[in-house]
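In what follows, a structure is listed as structure tokens, so that the remarks can point back to it.
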Amino acid sequence: MRELLSTGGREVKEILVAEHLGASDVVDEILELARRGSVPVRETNRAALGRLAGLDVHQGVLAIAEPLRARELDDLAKPGDGGPATLVALDGVTDPHNVGAVLRSAESAGATGGVLARHGGPPVTATVAKAAAGAIEHLPLASVARIPAALERLRASGLWIVGLDADGDSPLFGLELLTEPVVLVLGAEGAGLSRLSRERCDVVASIPRKGQTASLNVSAAAALACYEVLRVRGD
């Protein structure tokens with residue numbers, strides 16, 4: 001919420017605060033940002049906050065803001081200010097906590113955009129926003145009908161398509177084409193990449209592992225992949 005208020009990218013209509021909420025530095029900062037932005041603040045009960053947020057567990061503060069504006073896919077394919085595009089595409093990832101965690105890792109590592117499916121994945125809900133810890137206010141997101149078709153369009157725009165899979169045929173670490181504009185495609189846990197998305201990948205890469213577990217959590221895989229792009233490019 002601090003990022004929402006501080007960036008000014010979306011209109012915040014109201015801040016709701018739970019009654020009898022204890023003082024904290026975070027809450028104080030949120031209220032100060034609201035005051036500076038002339039955003040109304042209103043107290044309400046925790047149950048009402050939970051119903052509005054769709055969360056059983058919340059921190060007692062909720063922002064009523066305009067919806068997140070989706071970006072055009074073709075715009076995400078353009079080079080960013082800091083160099084080649086680095087996009088993260090989620091293929092069938094349905095857990096909102098995982099979606100938020102992936103977006104948080106991607107933004108932290110300098111990714112320039114995210115690609116989400118309108119069907120087969122969660123919308124950017126309060127749960128996603130909470131798990132993303134403010135990243136959705138900085139990371140441009142495109143909402144597409146189908147991930148495989150979006151990958152085709154991005155390849156036509158000059159991006160390399162790199163799928164991540166535990167059984168990939170190339171190691172991710174040191175992959176030279178990560179210096180180029182790239183889309184990192186992550187599939188659902190368990191099912192992995194869909195057949196159609198896999199067929200559109202230029203490379204299906206794996207993350208080396210030594211332990212006995214079958215694979216990494218999708219958000220952990222996303223973090224490693226995004227930071228490997230950062231490392232290979234020498235940023």
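No experiment lies behind these values; they were computed from the predicted model shown. One-based numbering along the sequence shown.
Of the inter-residue distances, the one linking Y227 atom OH with S105 atom OG reads 7.0 Å to the nearest 0.5 angstrom. Note that the NE2 atom of H97 and the CG atom of N217 stand 12.0 Å from one another [nearest 0.5 Å]. Rounded to the nearest 0.5 Å, atoms CG (L103) and CG (N98) are 10.5 Å apart.
The minimum heavy-atom distance between A85 and L76, with the atom names listed, is CB-O, 3.8 Å. The nearest pair of heavy atoms linking A225 to L164 is CB-CD1, 3.5 Å. Taking each heavy atom of A48 and T44 in turn, the nearest pair found is CB-OG1, 3.6 Å. Nearest heavy atom pair, residue V88 against residue C226, reads CG2-SG, 3.7 Å. Closest heavy-atom contact between C201 and V162: SG-C, 4.5 Å. Pairing each heavy atom of I15 with each of V39, the nearest pair is CG1-CG1, 3.8 Å.
Judged by distance alone, the side chain of E107 and the main-chain N or O of L139 form no donor-acceptor pair under 3.5 Å. Here the side chain of R118 pairs a donor or acceptor atom with the backbone of S143 at under 3.5 angstrom.
If you run side chain to side chain contact (heavy atoms under 4.5 Å, CB included) between V185 and each of D165, V115, L90, L151, only L151 comes through. For the side chain to side chain contact (heavy atoms under 4.5 Å, CB included) criterion with E228, the lone passing option out of L230, V232, L224 is V232. No option in L33, D25, V27 other than L33 meets the side chain to side chain contact (heavy atoms under 4.5 Å, CB included) test with E29.
You'll find the side chain of V26 stays beyond 4.5 Å of the side chain of V61, heavy atoms only.
In this structure, R155 places its CZ atom where more than 12 heavy-atom neighbours from other residues, nucleotides or ligands lie under 6.0 Å away.
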